[in-house]
S.K.: 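Can you keep this structure in mind? I'll have questions shortly.
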Amino acid sequence: MPGFRELLAQTKKDIREIEPADAEARLADATFLDVRELEEYEQGMIPGAVFIPRGHLESQIENKVSDRSAPVVIYCAGGTRSAFAAKTLQELGYSDVVSMAGGFGRWKNEGRPWITPAVLTPEQRNRYHRHVLLPEVGEAGQQKLLESKVLLLGAGGLGSPAALYLAAAGVGTLGIVDMDVVDASNLQRQILHNVDRIGERKVDSAKKTLTQLNPDVDVVTYDVRFGADNVLDIIDGYDVIVDGTDNFPTRYLLNDATVLKRIPVVHGSIFRFEGQITVFKPCDGPCYRCMLPEPPPPELAPSCAEAGVIGVLPGIVGSIQALEAIKLILDLGDPLIGRLLAYDALEQSFRAFKVRRDPECPTCGPNAGPIVIAEYDDLCLPHAVLADGTTI
Ligand SMILES: [Zn+2]
């Protein structure tokens, strides 16, 4: 039986080792893989490196480096664990793998670039443990959620479950736009609020609930009417917008502003026992005007207040909106871009419909003119009123 030294010597014969100087020359084109333990990684890392502790290498490598022909530079603290890791990756079919001699220690001593990674605190690691366990999310994904900003339009039926789940998931900044006050008739479905909050501003009630759920979350409130005069300022800097509004003029206004700013919108709507969800990602898929060039006549589209809505329904639709927002932030799976998911609560069925970009779309089509951010009346398109009061 070979001892450790013989095993290491044999392993080093079976793999390729490169010097830190040669490794640095490959920073731009190779994946750097850090196989140290978390405590070592937290002290400093090579910028852009993928972190998989040696003990999890076999189980996690395929999720983080799926292309087996991609160049990989592995490092540890001194070059021993990375040598064994390189051998393992070769055995798993990775064809362009090298181990960095001298490891992170020599890299750092030679004055090469390194950074201290943003890592979760022990409390956050515990709080988000079920996320960290998912290789598709992990610590890096949780960190990304904590750094992300989602704006919710409305703290009502759809905004309530969406905000609660986004806050629970650790989305670091949640903006909420709502100019309403909590009414007793809201409590049938708007679960951010409660009887003690009746008469209170909805944004203030929402902030209290969300901060109690997760103090990590910075809740930014906009107790204003969302209009042409402020829409561009409000949405600026947000990564994703969750639209829980219930009127057509606001949806068209939001659409035009978000196409202009290239911000994806997770759209949700509810009506009686039915709900719809889709994602408008500017330039990657259709926009709201592609899907609905003109609003339906008012008699065919009564508002929630007039038509009624079953209580649990916004919980389902708003929760799907929250999940789509998280998928967009983490670049996970297939978001509902170009697909409209329709939910029927009475049938208990989901159906997906294709939504295509409209080449004639006045907002995102190839021949669309400059986007005008304007107030719209109930007819939305033909009778637009500009922010300064003039009509077009
Ligand atoms: Zn469009």
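All ligand and atom numbering here is 1-based and tracks the order in the structure. As a basis for the values below, the full set of heavy atoms in this structure was taken, side chains included, without hydrogen atoms, waters or symmetry mates.
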S.K.: So, are Glu17 and Lys13 salt-bridged, with charged N and O less than 4.0 Å apart?
M.R.: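 So Glu17 does not pair with Lys13 through a salt bridge.
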S.K.: Which of the protein's N, O or S atoms come within less than 2.8 Å of the Zn ion (ligand 1), not counting waters?
M.R.: Cys287 SG, Cys290 SG, Cys361 SG, Cys364 SG
S.K.: Please step through side chain to side chain contact (heavy atoms under 4.5 Å, CB included) for the pair Arg262 and Cys283, ending with a clear verdict.
M.R.: CA-CA 8 Å; Arg262 301 281 190 272; Cys283 302; 3.5 Å; yes
S.K.: Go through the steps to decide whether Thr278 and His267 satisfy the test side chain to side chain donor-acceptor pair (under 3.5 Å), and finish with yes or no.
M.R.: CA-CA 5 Å; Thr278 188; His267 168 86; over 6 Å; no
S.K.: For Arg5, enumerate each residue passing the salt bridge (charged side-chain N to carboxylate O under 4.0 Å, His left out) test, keeping only those at least two apart in sequence or located in another chain.
M.R.: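 Expected list: none.
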S.K.: Within the 3.5 Å criterion, strictly below it, is a donor on Thr245 or Thr250 matched to an acceptor on the partner's side chain?
M.R.: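 On atom types as modelled, these side chains do not qualify, holding no pair under 3.5 Å.
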S.K.: Using 30° and 60° as the class limits, which term best fits the ring planes of Phe4 and Phe84: parallel, tilted or perpendicular?
M.R.: tilted
